[in-house]
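Accompanying notes for the structure given below.
Chain identifiers are assigned alphabetically (A, B, ...) following the order of the sequence lines, protein sequences preceding nucleic acid strands; residue numbering begins at 1 within each chain. In this text the structure is predicted, and so the values were computed from the model without any measurement.
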Amino acid sequence: MINLKIDGKEVQIAPGATILDAAETVGIKIPTLCYLKKVSPTGACRVCAVEIAGADKTMTACNTLAIEGMDVTTQSEKLTKIRRQIVELLLVNHPLDCPVCDAGGECDLQDICYSQDVTRQPFEADDVNAATIDKWPLIQQVPNRCVMCEKCVKVCHELIGSSALFVNEKGDRAFIDKDLDKCEFCGNCVQVCPTGTMISKPFKFKARPWELRKTPSVCTLCPAQCQVDMQSKQGKIMRVTSEDGTTINDGNLCIGGFFAHDYLASDQRLTTPLVNKAPASWEDALALTADELAKAEGQAVAGLTSPRLTNEENYLFQKLFRVGLGSNNIDSEARFGALRAAKVLQEQLKLAGASNHLDRIGSADALLVFGTDPSSEVPAVDWQIQLAHRKNDAKLVFANLRKVKLANQSETFLQYKVGSEAYLAGALAKLIVDKGQANNDYLQQFVGNLDELNSTLAGIDLDAAIAATGVSKELLEEAADYLGSAASVAIVFGRDLTASTQAEAGVAALANLALVCGAMGGDKGGLFPIDEKGNMQGLLDAGTCPEFLPGLQPYAAATEKFATAWHAELPQGGLDAAGILAGIESGSIKALYLAGTNPLVDFPESARWRKALTKVNFLVVQDIMSNDLTALANVVLPGAATTEKRGSVTSLDNRVNNLRIAVDPAGEARPDLAIIADLFAQITGKPAPSDTVVRQEMFELGGVYSDVCQMLEQRPFCWKDAYAPANQSLTAAQPELKTAPAADLQLLIGKSRFQFGSSTTLSKATAELEAEGVIEISADDAAKLGLADGGRVTLTGPAGSATGPIKVSEQQPAGLLFAPYNYAKLNIQQVAATGSNSVTVKAAKA
Amino acid sequence: MTDYTQVLFKNRRPGETASLETYEKTGGYEGLRIALQKTPGEICAQVKYSGLRGRGGAGFPTGVKWSFFPADQPGEKYLVCNGDEMEPGTYKDRQLLLADPHQLIEGMVIAAYALQAPVGYIFLRYAYEDCSQVIERAIAEAEAAGYLGKDILGSGFSCELHLHRSAGRYILGEETALINGLEGRRPNPRSKPPFPAQRGLFGRPTNVNNIETLANVPHIMRNGNAWYQQLSAPESSPGTKLFGLSGHFNRTECFELPLGVTLREVVQEYGGGLRNGKRFKACLPGGASSPYMTAEHLDVAMDFNALEEIGSRLGTAGVTAFDEDTCMVAVTRNINRFFARESCGWCTPCRDGLQTISWLLDKIENGQGTEDDLTMLHDQVRNINGRSFCALAEGAMGPVEALLRLFEDEIKEHIRKGKCPFG
């Protein structure tokens with residue numbers, strides 16, 4: 001420890017700390033302006049000047065290291081004068097347009113003028129500021145308000161890793177400029193801007209900061225579930241922000257959290273129940289629904305629910321079906337990806353969700369990011385990768401079909417071929433074992449069938465793997481070496497894999513790889529399955545599929561336990577999504593309850609679903625937006641958005657978060673739990689359960705919830721039980737290795753980097769970036785089709801055709817197209833086959 | 001032209017660049033042969049005891065700088081030659097390169113060996129197209145002759161040199177900005193510590209030296225410290241120095257003179273007095289960032305310590321003279337504009353302070369200045385000095401501070417008359 005004196009106080013601090021850090025520990029506040037704790041010190045503004053005994057110059061506290069025996073003075077007449085003059089210099093050519101500046105009232109420059117008693121603008125100089133930049137989407141840049149603290153540049157580079165912002169020009173002409181192609185529109189530059197330089201265009205002139213009511217809650221657009229403040233005025237969310245230091249995401253947000261929230265104010269919001277398209281009372285709508293569902297009970301009724309609903313809502317939804325309707329025909333879109341991975345991980349590794357907390361990605365020594373683009377699917381995972389890779393020098397191995405952002409930053413980029421995922425993961429595991437780099441202690445302790453694991457890996461033909469994946473031996477060896485030699489490894493995988501034909505085999509092979517490199521063995525790293533939908537983990541935990549009861553407990557094995565607890569006999573069998581679809585087509589399913597899910601856009605074979613849904617006898621749709629689906633429904637029940645109701649949601653790393661009510665539901669809309677509870681009461685004749693009761697029951701019966709609860713400032717959350725497998729309890733699998741047949745042109749369906757599900761396509765903000773779904777294509781393939789950007793192409797796949805505009809992208813390899821599933825208009829899911837997000841297609845100029 | 005011993009310029013011929021052959025005939029690469037017989041530590045010690053001081057402007061003892069370098073640390077280490085000669089009034093490195101470039105190559109190989117930093121970069125000013133050709137040719141010749149490349153002169157030591165041309169900004173002369181520039185980043189100075197010797201180019205230990213400094217090293221190796229120290233009179237500033245004359249001199253040329261010659265000798269003997277027989281009023285003794293000297297300083301010895309004693313700096317020894325008809329407010333305003341323009345814009349005192357000084361000097365020069373402006377100017381200089389992120393703003397304060405100290409009457413005359421007294 002280092003001992004120093006600050007303003008006469010003795011301070012002890014670890015080596016490497018700055019004077020500012022040291023002062024903070026004893027409650028001494030040194031004024032700062034360019035300092036931002038979460039990035040490296042800048043030392044640009046010079047406001048934090050302090051005196052050090054024996055030094056002839058003043059030093060800046062933010063970037064001067066504390067040294068043994070240092071004697072620091074932070075307050076003196078000399079320092080006051082220096083600081084005041086610095087602030088006066090900052091006011092040179094500052095417009096003082098505070099009345100019309102969006103930062104007015106929350107401006108660090110205003111605050112520091114007050115605190116340093118700067119009451120005049122004594123200095124002048126030629127005004128050579130760059131003109132206001134209006135041409136960027138969503139964000140306006142006003143250079144003459146800029147104090148050049150570079151917080152925005154550093155956040156963009158160090159934390160988000162997009163490095164879009166940079167300083168252009170020099171001297172007092174210097175201004176913050178942007179490489180638009182690299183911008184992710186996360187809005188963090190706006191959040192960290194101390195003045196009104198970086199302005200959110202959608203929020204501009206909407207409210208003064210003091211008019212806004214802050215409701216601490218979580219963002220549910222993706223499963224990272226960042227802690228946010230919903231800021232509302234007159235019952236409307238005006239902006240969403242997050243606080244540094246007090247939130248699990250340290251104040252960082254993505255385009256979803258920061259900009260996309262305006263979809264909630266869309267004029268397509270449902271505000272009243274509808275019966276046969278006509279407004280109806282809740283009483284009538286619910287009575288009719290209860291009646292029709294009960295009438296069709298048992299095998300003739302089915303329900304599909306959603307990762308957009310809360311834990312309690314999904315829990316009660318499955319209970320309604322199993323107890324109230326005697327039907328196990330329940331499923332969700334988890335079927336097409338997340339559930340497939342969850343089943344493999346549950347069986348092999350006894351793992352539900354991630355094996356470790358999100359921040360353990362950031363502390364890992366090596367990273368394997370496999371079959372996912374976290375920058376798009378779960379940006380907070382990307383930030384952890386940036387942290388590990390940039391700050392802690394972790395090695396990044398990036399395995400993807402496309403050359404997306406992280407590919408360019410990785411040490412090793414493994415660009416594999418469609419359908420070769422199991423081969424790729426298998427080859428990496430084999431190489432690690434062959435080199436003697438496997439974590440043998442971990443394997444001996446935890447793996448029950450070690451011999452099988454060894455024989456499985458020994459049986460992998462490396463040449464066949466090289467041929468199947470299209471990845472060279474050198475790259476495979478390099479990647480295996482990074483993963484094999486690292487003390488801790490984080491493995492992240494996602495939708496490209498889990499929604500593909502390779503989901504089961506690929507995840508099994510990755511599980512083997514995770515065992516071999518000891519990813520789940522320590523405090524750092526871990527195995528992280530990710531799925532982009534907000535409460536996917538909560539949906540899985542709630543047991544909303546025929547195979548599982550709550551807590552991912554196998555249905556048959558846990559039936560008795562739940563039957564006893566529920567005082568009911570549980571139904572046998574049960575149809576999954578495909579079975580339900582076939583059941584509707586054959587006429588055996590007569591009533592369908594859709595809660596927060598839209599098969600017309602979200603599900604593969606969406607055209608087939610559309611046809612089926614027009615046929616079903618009774619269709620009830622509970623949702624927040626009117627759309628093609630609600631137009632087909634017999635009854636429409638308007639639900640509340642996650643900003644308008646209570647409940648809990650579970651993040652991908654098993655953090656159970658409480659939602660808070662920021663604004664009232666739109667019109668007559670009701671919290672979804674109240675709707676389901678009402679139906680439950682009407683159908684079972686029991687009292688409608690309150691959210692507390694549902695939650696209590698879910699915690700008790702689910703078996704996955706611990707009582708480890710924490711509070712970050714005003715933000716309570718609970719961790720689920722930590723992953724702690726018993727000795728010899730893990731099993732290695734023997735995934736089937738297949739070589740995918742060659743295809744001229746394939747289509748990968750995934751998530752738009754600007755959209756979250758289909759709801760945010762109603763956001764005016766995100767529409768500025770991608771208004772309709774764009775098909776990304778390599779320059780080669782575009783040339784073959786004779787198309788340029790904006791030209792339209794019709795893609796025909798196993799389930800049908802879709803037409804949309806193209807964009808030539810360097811991310812796409814020749815022979816592979818990418819299209820986002822989010823857009824109802826493009827509706828690319830009508831091309832896809834169930835169980836396969838990458839399909840062979842024929843393309844034709846439209 | 002001069003009776004003084006010529007070391008760096010001994011092969012200088014008008015319009016000619018010394019070939020490898022010429023260089024070898026006059027003892028070239030003998031210093032390298034001698035150095036390779038020694039241990040790296042012995043070379044560092046010799047350079048330290050020679051008393052050689054950095055020729056880039058600061059005059060820091062070269063051997064001391066080398067002694068900070070972790071030569072024993074394993075892994076990549078870099079030697080960088082700072083050839084970004086952008087100080088206004090300074091052109092001596094260019095003259096040196098055009099006259100006899102192998103001195104630099106030999107000096108760098110010796111330094112690379114002494115510091116165990118076998119990869120070197122020559123960071124050259126953007127505008128020096130002619131020098132870049134000269135360097136490239138010298139590198140190729142040295143490689144072909146076995147003075148550079150693998151297993152140099154059979155010693156087992158290998159060294160590679162790369163030429164990098166600057167993007168062309170003054171701030172690149174700051175060594176950490178230069179390192180950022182070499183890495184392809186925006187050339188903002190870096191926070192110190194860590195110093196380049198600890199973490200410099202590509203995060204590795206890096207030693208940065210000026211061209212003229214490195215060019216002195218082979219001569220020291222070949223002729224020894226006693227010889228080197230007798231080249232000049234002052235004990236604290238041994239060796240010769242290239243003086244680049246500019247401004248109102250009759251002769252604006254570059255001369256190699258012993259450190260410690262008087263300013264009078266420089267002005268009278270080498271500058272040939274001032275043009276049109278005018279009287280000497282003032283000069284910048286070492287580039288635009290060195291405080292002015294005036295006629296009262298004509299007998300001051302031009303060495304590092306003597307100039308510090310009178311409140312100036314030897315800097316690069318690029319001497320710019322101003323005659324009696326020159327308005328020093330106008331000169332200072334002009335220089336300050338340069339620094340304000342070349343500021344990177346990173347820190348407040350430099351970005352906004354230099355502009356404020358420009359505003360004040362404009363007002364005074366244009367006859368709109370007041371006593372309050374003079375007070376404010378004093379205040380600004382005090383507040384910028386020692387407060388900025390790097391040394392650029394501090395350098396910029398050199399002439400402004402000297403203006404206030406030496407020419408206050410002239411400033412007041414501007415204020416009193418409401419116009420520039422020089423018309």
Please say whether more than 12 non-hydrogen atoms of neighbouring residues, nucleotides or ligands are located less than 6.0 Å from [atom1] in [X].
| X | atom1 | result |
| --- | --- | --- |
| B/F60 | CZ | yes |
| B/R405 | CZ | yes |
| B/Y126 | OH | no |
| A/K37 | NZ | no |

Kindly give the heavy-atom pair with the smallest separation between A/C34 and A/A44, and that separation in Å.
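Nearest heavy atoms, A/C34 then A/A44: SG-N, 3.4 Å.
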Among [options], which has the most heavy-atom pairs under 4.5 Å with chain A?
| options | result |
| --- | --- |
| B/R387, B/R169, B/K363 | B/R387 |
| B/P193, B/P349, B/S358 | B/P349 |
| B/K192, B/E342, B/Q380, B/M376 | B/Q380 |

Considering only NZ, NE, NH1 and NH2 on the basic side and carboxylate oxygens on the acidic side, decide whether A/D108 and A/K151 come within less than 4.0 Å.
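A/K151 and A/D108: salt-bridged.
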Under a 4.5 Å heavy-atom cut-off, does chain B meet the side chain of [X], its backbone, both or neither?
| X | result |
| --- | --- |
| A/T60 | neither |
| A/A125 | both |
| A/V47 | neither |
| A/E150 | side chain |
| A/N168 | backbone |

Chain A contact via [X] - which portion, at a heavy-atom distance below 4.5 Å:
| X | result |
| --- | --- |
| B/R341 | both |
| B/T356 | both |
| B/D379 | both |

If you count heavy-atom pairs under 4.5 Å with chain B, which of [options] comes out on top?
| options | answer |
| --- | --- |
| A/D56, A/V128, A/I86, A/V92 | A/I86 |
| A/M148, A/E124, A/R173 | A/E124 |
| A/G43, A/A174, A/C149 | A/G43 |
| A/N63, A/I82, A/T58, A/L90 | A/I82 |

Among side-chain atoms of B/N82 and B/D84, is any donor-acceptor pair under 3.5 angstrom?
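Side chains of B/N82 and B/D84: no pair found under 3.5 Å.
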Establish, from distance only, whether the side-chain atoms of A/H94 and A/Q121 form a donor-acceptor pair under 3.5 Å.
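Side chains of A/H94 and A/Q121: no pair found under 3.5 Å.
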Chi angles and distances behind the side chain to side chain contact (heavy atoms under 4.5 Å, CB included) call for B/Y292, B/L284:
CA-CA 5 Å; B/Y292 301 119; B/L284 293 159; 3.5 Å; yes
Salt bridge (Lys or Arg N to Asp or Glu O under 4.0 Å), paired with B/R190, selected from B/E175, B/E183, B/E174:
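Passing option: B/E183.
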